[in-house]
Amino acid sequence: MPALGLVLNALGIGLFCWAVFAPAVYALPFFVALNFGMIAFHGGASVIGALLVAIAAGVLTFAVGEITFAGSRSVARRVMIATIFAVPAAIAGYNVVLALSQIAVPSLAWREAFAYLGALCVGGTTWTRLTVLARGDPSLRAG
């Protein structure tokens with residue numbers, strides 16, 4: 001029975017890691033969609049209208065970022081776009097790891113160290129996935 005518990009724990013941790021890393025590319029479009037949806041809702045739109053505005057803003061943000069990244073020949077522009085997408089993902093990764101480390105890590109210094117490492121990993125994963133999506137390799141797409 002303990003072996004089953006270890007296997008299920010390992011599967012759960014793996015699933016959680018996938019749930020953190022896979023949608024990391026979409027952190028910037030999600031934040032943009034959330035902001036545009038809230039602006040639309042507070043501007044008088046209905047819930048359905050605000051949801052439609054949010055979805056359109058998120059999809060447009062992702063599409064413009066991908067098209068601009070893929071169509072750009074300038075390395076500086078690619079680095080700028082990848083950084084714009086990776087920074088919100090790194091912030092989200094920092095907050096997720098910091099919140100989870102508060103469960104089991106008593107030292108504040110170690111919590112911060114783990115959180116910075118999580119931010120680096122999630123931001124790097126986002127950077128990598130963005131470049132893979134721009135190249136069009138379907139075997140490594142998010143999701």
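Numbering of residues begins at 1 and proceeds along the displayed sequence.
- Residues that satisfy the side chain to side chain donor-acceptor pair (under 3.5 Å) test with Glu112, not counting sequence neighbours, are Tyr94.
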For residues 36-51, tabulate all N or O donor-acceptor pairs below 3.5 Å that involve a side-chain atom, not counting sequence neighbours.
residue, atom, partner, partner atom, Å
Ser46, OG, Gly49, N, 3.1

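- How far CG of Leu11 is from CH2 of Trp18: 14.0 Å, rounded to the nearest 0.5 Å.
- In this structure, Leu117 CG and Trp110 CH2 are separated by 10.5 Å, a value rounded to the nearest 0.5 Å.
- Under the 3.5 Å distance criterion, the side-chain polar atoms of Arg111 are matched with a main-chain donor or acceptor of Pro106.
- In the hydrophobic cluster analysis, where Ile, Leu, Val, Met, Phe, Trp and Tyr join through side-chain heavy atoms closer than 4.5 angstrom, Ile81 is grouped together with Val32.
- Here Ala90 pairs with Ala119 under the side-chain contact (heavy atoms from CB on, under 4.5 Å) rule; sequence neighbours left out.
- Among all heavy-atom pairs drawn from Phe85 and Val25, the shortest one is CD2-O, 3.7 Å.
- Residue Val96 is grouped with residue Ile103 when hydrophobic side chains (ILVMFWY) are merged at heavy-atom distances under 4.5 angstrom, including chains of intermediate members.
- In this structure Leu4 satisfies the side-chain contact (heavy atoms from CB on, under 4.5 Å) test together with Met1, Leu8, sequence neighbours excluded.
- No single ILVMFWY cluster, assembled from side-chain heavy atoms under 4.5 Å apart, contains both Leu15 and Leu6.
- When side chains are defined from C-beta on, Val97 does not count as touching Tyr116, because their heavy atoms never get closer than 4.5 Å.
- Here Leu60 pairs with Val64 under the side-chain contact (heavy atoms from CB on, under 4.5 Å) rule; sequence neighbours left out.
- In this structure, Phe69 is not a member of the same hydrophobic cluster as Val59, with clusters built from ILVMFWY side-chain heavy atoms closer than 4.5 Å.
- Residues satisfying the side-chain contact (heavy atoms from CB on, under 4.5 Å) criterion with Ala54, sequence neighbours excluded, are Ala33.
- The structure places CZ of Phe31 at 9.0 Å from CG of Asn35, a figure rounded to the nearest 0.5 Å.
- With Ser101 contributing its side chain and Leu98 its backbone, the two residues share a donor-acceptor pair below 3.5 Å.
- Taking each heavy atom of Ala89 and Val122 in turn, the nearest pair found is O-CG1, 3.2 Å.
- Between Leu100 and Phe16 the shortest heavy-atom distance is CD1-CE2, 3.0 Å.
- Rounded to the nearest 0.5 Å, atoms CZ (Arg78) and OG1 (Thr68) are 11.0 Å apart.
- In this structure, Ile84 and Leu28 have side chains that are in contact, with non-hydrogen atoms separated by less than 4.5 Å.
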